[in-house]
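Not measured: the values here are computed from a predicted model. The figures here come from the full heavy-atom set of this structure, side chains too, leaving out hydrogens, waters and symmetry mates.
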Amino acid sequence: MGYRILDKKQLSGSVFEMTIAAPEIARKAHAGQFFILRVNDCGERIPFTFSDWNAEEGWIRYIFMRVGKTTHLLEDTRAGEDIVDVAGPMGHPTAMQIGKRWTADKTIAADDHLVVVGGGVGTAVAYPVARAAIEAGSKVTVITGARTEELLILREELEALDLHELIIVTDDGSAGREGLVTEPLRELCASGEVDRVFVVGPGIMMKFCAATTAEYHIPTLASLNPIMVDGTGMCGACRIQVGGETKFGCVDGPDFDAHVVDWEELMTRQRVYAEQERLADGEYMRTCGCHE
């Protein structure tokens, strides 16, 4: 028995939202956690962070961008079909309140002014973190950015939250202000009114957000997305350097102190199988017949 696809939406040309029936996982999910799925019996294991879930109705939701063979397989699935495996929730939830710490060194305290920065598909993670922080009593500002308006996701959902402020940024100025997410982030940091920052998105974006907040000595968490296989810490594929120590994204994270992450190593490891991914995707498109 697999996990039934309840709904799938195309958010843009290459970005999709999928809802899966997974009642046991939905009952345990928290903001910032992830799960691992296999599309079919021959498929690879691939991690996704929860963008939403409903414990009462028994579903989980995530957003993915078509970038390789497995995400092409997901694109070609339909509501009513089954995903063969879904395992989760995995990883530490994003810490929210003093006295309710998930780890000793990562705590977003109630009544803090938290700035949540989501870039591209990373906004799928930023949304539940912002929602959970509001529920914990924090004042929350969200900065969400994308290359163009078409690639902005969860805009209506973010607008529905009780945010202190929502700042939309696009590279081309087609929505919100033109520029990079680091620009409004710097303005907020310079105001002296920001207590903590949470960032999630492309590695290069998170690197420069971390450099920005470090100038103002503002504690910053980054949700990392290293290559991952088993999700239990045994394979070592998701290892990263944090503060000069080897950590595993799956069991030690996915949230880490952004100021001590070795960003160059992370981004290098993320690209290590890029050529194999390109070849596998090309072979799939050549043989599957779905794109004729």
J.: Do you know which of H164, H113, E165 makes side chain to side chain donor-acceptor pair (under 3.5 Å) with T141?
T.: H113

J.: Any link between V251 and M90 through a network of hydrophobic side chains (Ile, Leu, Val, Met, Phe, Trp, Tyr) touching at under 4.5 Å?
T.: no

J.: If you take all heavy atoms of P202 and G119, which pair is closest and at what distance?
T.: CD-O, 3.5 Å

J.: Show the nearest heavy-atom pair for residues P219 and D195, with the distance to one decimal.
T.: CD-O, 3.4 Å

J.: May I ask you to say whether D171 pairs ionically with R147, meaning some side-chain N is under 4.0 Å from a carboxylate O?
T.: no

J.: Name the atoms and distances for all side-chain donor-acceptor pairs under 3.5 Å in residues 222-234, with sequence neighbours left out.
T.:
{"unit_1": "N225", "atom_1": "OD1", "unit_2": "Q270", "atom_2": "NE2", "d": "2.7"}
{"unit_1": "D230", "atom_1": "OD1", "unit_2": "T232", "atom_2": "N", "d": "2.5"}
{"unit_1": "D230", "atom_1": "OD1", "unit_2": "T232", "atom_2": "OG1", "d": "2.7"}
{"unit_1": "D230", "atom_1": "OD1", "unit_2": "G233", "atom_2": "N", "d": "3.3"}
{"unit_1": "D230", "atom_1": "OD2", "unit_2": "C235", "atom_2": "N", "d": "2.7"}

J.: Flag the pair K247 and E245 as a salt bridge only when some basic side-chain nitrogen lies within less than 4.0 angstrom of an acidic carboxylate oxygen.
T.: yes

J.: Backbone N or O of G173 within a donor-acceptor pair of the T170 side chain at under 3.5 Å?
T.: yes

J.: May I ask whether V121 and L166 are part of the same hydrophobic cluster, defined by side-chain heavy atoms of I, L, V, M, F, W, Y residues being less than 4.5 angstrom apart, directly or through others?
T.: yes

J.: F34, F64: one ILVMFWY side-chain cluster at the under-4.5 Å cut-off?
T.: no

J.: Could you tell me whether E156 atom CD has more than 12 heavy atoms of other residues or ligands within 6.0 Å of it?
T.: no

J.: The test is side-chain contact (heavy atoms from CB on, under 4.5 Å); show your working for W53 and T19 and say whether it passes.
T.: CA-CA 9 Å; W53 61 91; T19 305; over 6 Å; no

J.: Determine, for R61 against D7, whether the closest basic-nitrogen to carboxylate-oxygen distance falls under 4.0 angstrom.
T.: no

J.: Give a yes or no on whether the ring-centroid distance for F50 and F35 is below 6.0 angstrom.
T.: yes

J.: Is any NZ, NE, NH1 or NH2 atom of the basic residue among R177 and E187 found under 4.0 Å from an Asp or Glu carboxylate oxygen of the other?
T.: yes

J.: D112 side chain to L114 main-chain N or O, any donor-acceptor pair under 3.5 Å?
T.: no

J.: Sub-3.5 Å donor-acceptor pair from the side chain of R38 to the main-chain atoms of D41, do we have one?
T.: yes

J.: My understanding is that only one of F16, Y3, F48 makes a ring pair (Phe, Tyr, Trp, His ring centres under 6.0 Å) with Y62; could you say which?
T.: F48

J.: Testing the basics here: between T246 and Q241, what is the closest heavy-atom pair and its distance to 0.1 Å?
T.: OG1-NE2, 2.6 Å

J.: Please report the closest heavy-atom contact between F256 and V242, naming both atoms and the distance.
T.: CD2-CG2, 3.9 Å

J.: Validate the cation-pi geometry between R269 and W263: distance from NZ or CZ to the six-membered ring centre under 6.0 Å, angle to the ring axis within 45°.
T.: no

J.: Between K69 and E44 (salt bridge meaning N to carboxylate O under 4.0 Å), is one present in this structure?
T.: no

J.: State plainly whether one hydrophobic cluster holds both M65 and I36, where clusters connect Ile, Leu, Val, Met, Phe, Trp and Tyr through side-chain heavy atoms under 4.5 angstrom apart.
T.: no

J.: Among R66, Q10, K8, exactly one meets side chain to side chain donor-acceptor pair (under 3.5 Å) together with E75. Which residue is that?
T.: R66

J.: Check step by step if side-chain contact (heavy atoms from CB on, under 4.5 Å) holds for I83 and I20.
T.: CA-CA 8 Å; I83 300 293; I20 300 173; 4.1 Å; yes

